[in-house]
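Have a look at the structure that comes next, please.
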There are 2 protein chains.
Amino acid sequence: MEKNDNTQERILSSARKVFMLKGMAGARMQDIADEAGINKAMLHYYFRSKEILFEMIFEQSLAQFFPRITGIIDAEIPFFEKIENFCGAYLAMLQQNPYLPLFVLNEVNQQPDYFKEKFWKNKDSLFLKFAELVDTEVTSGNIKPVKPAHLFINMISMCIFPFIGKPMFMMSSGMDELQFRYFIEQRKTEVAKFIIGSIKK
Amino acid sequence: MEKNDNTQERILSSARKVFMLKGMAGARMQDIADEAGINKAMLHYYFRSKEILFEMIFEQSLAQFFPRITGIIDAEIPFFEKIENFCGAYLAMLQQNPYLPLFVLNEVNQQPDYFKEKFWKNKDSLFLKFAELVDTEVTSGNIKPVKPAHLFINMISMCIFPFIGKPMFMMSSGMDELQFRYFIEQRKTEVAKFIIGSIKK
DNA sequence: GTCTATAACTCGATAGAC
DNA sequence: GTCTATCGAGTTATAGAC
């Protein structure tokens, strides 16, 4: 119980790194142990099994992946500003966690039922809140008539996909790391601008 | 050499199915054998190793993933129609191969250098052709001034991402398979409409 | 060409000393 | 708490009969 906290934290941090990069199927307990500077036995001492360790990481990744949007949605600001705020904030988070989307979506695709059963309980839907907001704006005549589902997916896609397709896009465009970073920096305003350009009256 | 072609085809077809769903790390030779209705030994008889079999599938998947766009890009039709055609055609292809994007992007992310070395040689860039086209339209004053890289990623994102995020989106929105199918059907025109709405003068 | 049996190896997990 | 050593299950790959 001496170095308990310290080691446990190091394991979680290492596990996070390895699982993010390799996924559940590709990750090796040995990799995690190496990354943490300990041996495999210790992993099992702190977390009984690979699956338990994985679930810890996955759960905390999910929480990050789903933005706490209530603040932005319910704010007393114009609709367009909400879009700007959301895209800016979400892109900034993804910049800090570039492997998050592929990791999460991969695991969800791998076992949708397990995910639904275990992690989807009582989760209030970001989508439904957004759709409600869009419908209000449409009926108020503030924006062009658009289908909320498409607008939602468009926005999410343009934020998330660049990180999923990053290596391939970098090859296609010839960008290096720095240029890509700048590219994302631009998107923090460009994505919202693009959306608003399409739906404003 | 009797059933050669037949069996070989069945193996490739089964391997494709399994690799698409599970990825290289998650796929098992046993699964592929079962799917093909043969035993593991036969897999190694036709394809010496799992890796060789995987590369066959991966290479043919890549060819599908990168649309042969020359026909659309070089066609003698207005720019907006090119966008409409591309989005419609690409979404239709993805509808037939819904697991293709996650599979390909996952494996590329897993080993970018290996991918670049082995599969990226002499590949003419879809992106560069598109960027050239956009620049022409902008300087001709046909569309608003937009950054080609952002426009390109926006278009690709909105086509591909719905398939990557499908299970999660279905949970969020409460859609069933049929509704999702209809949703994609709509996007074949909606995506282009959304883009054009944003860049037309 | 196709099968069964098994070798060779990887990896998660545990036993047991310290 | 931490380590070394090792077990046992699962997986790729091969040997050899038919």
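These numbers come from the heavy atoms of this one structure, side chains and all, not from hydrogens, waters or symmetry mates. Quantities reported herein were computed from a predicted structural model and do not represent experimental measurements.
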Q | Close approaches to DNA chain D from residues 12-28 of chain B, in residue order (heavy atom, under 4.0 Å) | A |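 The answer is Ala27(B), Arg28(B).
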Q. Atom CG of Asp74(B) and atom CD1 of Ile69(B): how far apart are they, to the nearest 0.5 Å?
A.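 Result: 9.0 Å between the selected atoms.
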Q. With the threshold set at 4.0 Å, does a side-chain nitrogen-carboxylate oxygen contact exist between Lys193(A) and Glu190(A)?
A.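 A salt bridge is present here (some side-chain N lies under 4.0 Å from a carboxylate O).
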(Q) Can you list everything that forms a ring pair (Phe, Tyr, Trp, His ring centres under 6.0 Å) with His44(A)? Sequence neighbours excluded, please. (A)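 In terms of ring pair (Phe, Tyr, Trp, His ring centres under 6.0 Å), with neighbours along the sequence ignored, His44(A) is linked to no residue.
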Q.
Between Lys118(A) and Glu55(A), does any side-chain N to carboxylate O distance fall below 4.0 Å?
A.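 Here Lys118(A) pairs with Glu55(A) in a salt bridge, since their nearest N and O are under 4.0 Å apart.
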Q) Between atom CE in Met42(A) and atom C1' in dT4(D), what is the gap in whole Å? A)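 Computing the Met42(A):CE to dT4(D):C1' distance gives 13 Å.
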Identify all pairs in which a protein N or O lies below 3.5 Å from an N or O of nucleotides 13-17 of chain D, and state each distance.
unit_1	atom_1	unit_2	atom_2	d
dA13(D)	OP2	His44(B)	NE2	3.1
dA13(D)	OP2	Lys50(B)	N	2.7
dA13(D)	O5'	His44(B)	NE2	3.4

(Q) For a quick test of reading the model, state the closest non-hydrogen atom pair linking Ile83(B) to Ile199(B) and the distance between them. (A)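 For Ile83(B) and Ile199(B), the tightest heavy-atom pair comes out as CD1-CD1, 4.3 Å.
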Q. Residues two or more places apart in sequence or in another chain: which of them pass salt bridge (charged side-chain N to carboxylate O under 4.0 Å, His left out) with Lys201(B)?
A.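 For Lys201(B) there are no salt bridge (charged side-chain N to carboxylate O under 4.0 Å, His left out) partners, ignoring immediate neighbours.
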Q. What is the distance from OH of Tyr46(A) to P of dG12(C), rounded to the nearest Å?
A.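 Between P of dG12(C) and OH of Tyr46(A): 20 Å.
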Q. Ring pair (Phe, Tyr, Trp, His ring centres under 6.0 Å) with Phe119(B): which residues, sequence neighbours excluded?
A.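 Testing Phe119(B) for ring pair (Phe, Tyr, Trp, His ring centres under 6.0 Å), a comparison that skips the adjacent residues, returns Phe58(B).
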Q) Taking atom P of dT2(D) as reference, at what distance in whole Å does atom CD1 of Ile11(A) sit? A)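 It is 8 Å, rounded to the nearest whole Å.
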Q. Rounded to whole angstroms, how far apart are CD1 on Ile52(A) and P on dA13(C)?
A.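 Answer to the nearest Å: 9 Å.
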Q. OP1 or OP2 of dT2(D) sitting under 4.0 Å from any side-chain N/O of Asn39(A)?
A.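 No, outside the criterion.
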Q | Value in whole Å for how far the C1' atom of dT12(D) lies from CG of Leu43(B) | A |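 For the pair Leu43(B) CG and dT12(D) C1', the rounded distance is 11 Å.
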Q: Rounded off to whole Å, could you give me the CG-to-C1' distance for the Asp34(A) and dC3(D) pair?
A: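 After rounding, the gap between these two atoms is 15 Å.
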Would you give me the side-chain donor-acceptor pairs under 3.5 Å for residues 167-184 of chain A, sequence neighbours excluded?
unit_1	atom_1	unit_2	atom_2	d
Ser172(A)	OG	Met168(A)	O	3.2
Ser173(A)	OG	Phe169(A)	O	2.8
Ser173(A)	OG	Met175(A)	N	3.3
Asp176(A)	OD1	Leu178(A)	N	3.2
Asp176(A)	OD1	Gln179(A)	N	2.8
Glu177(A)	OE1	Lys166(A)	NZ	3.2
Glu177(A)	OE2	Lys166(A)	NZ	3.1
Gln179(A)	OE1	Asp176(A)	N	2.9

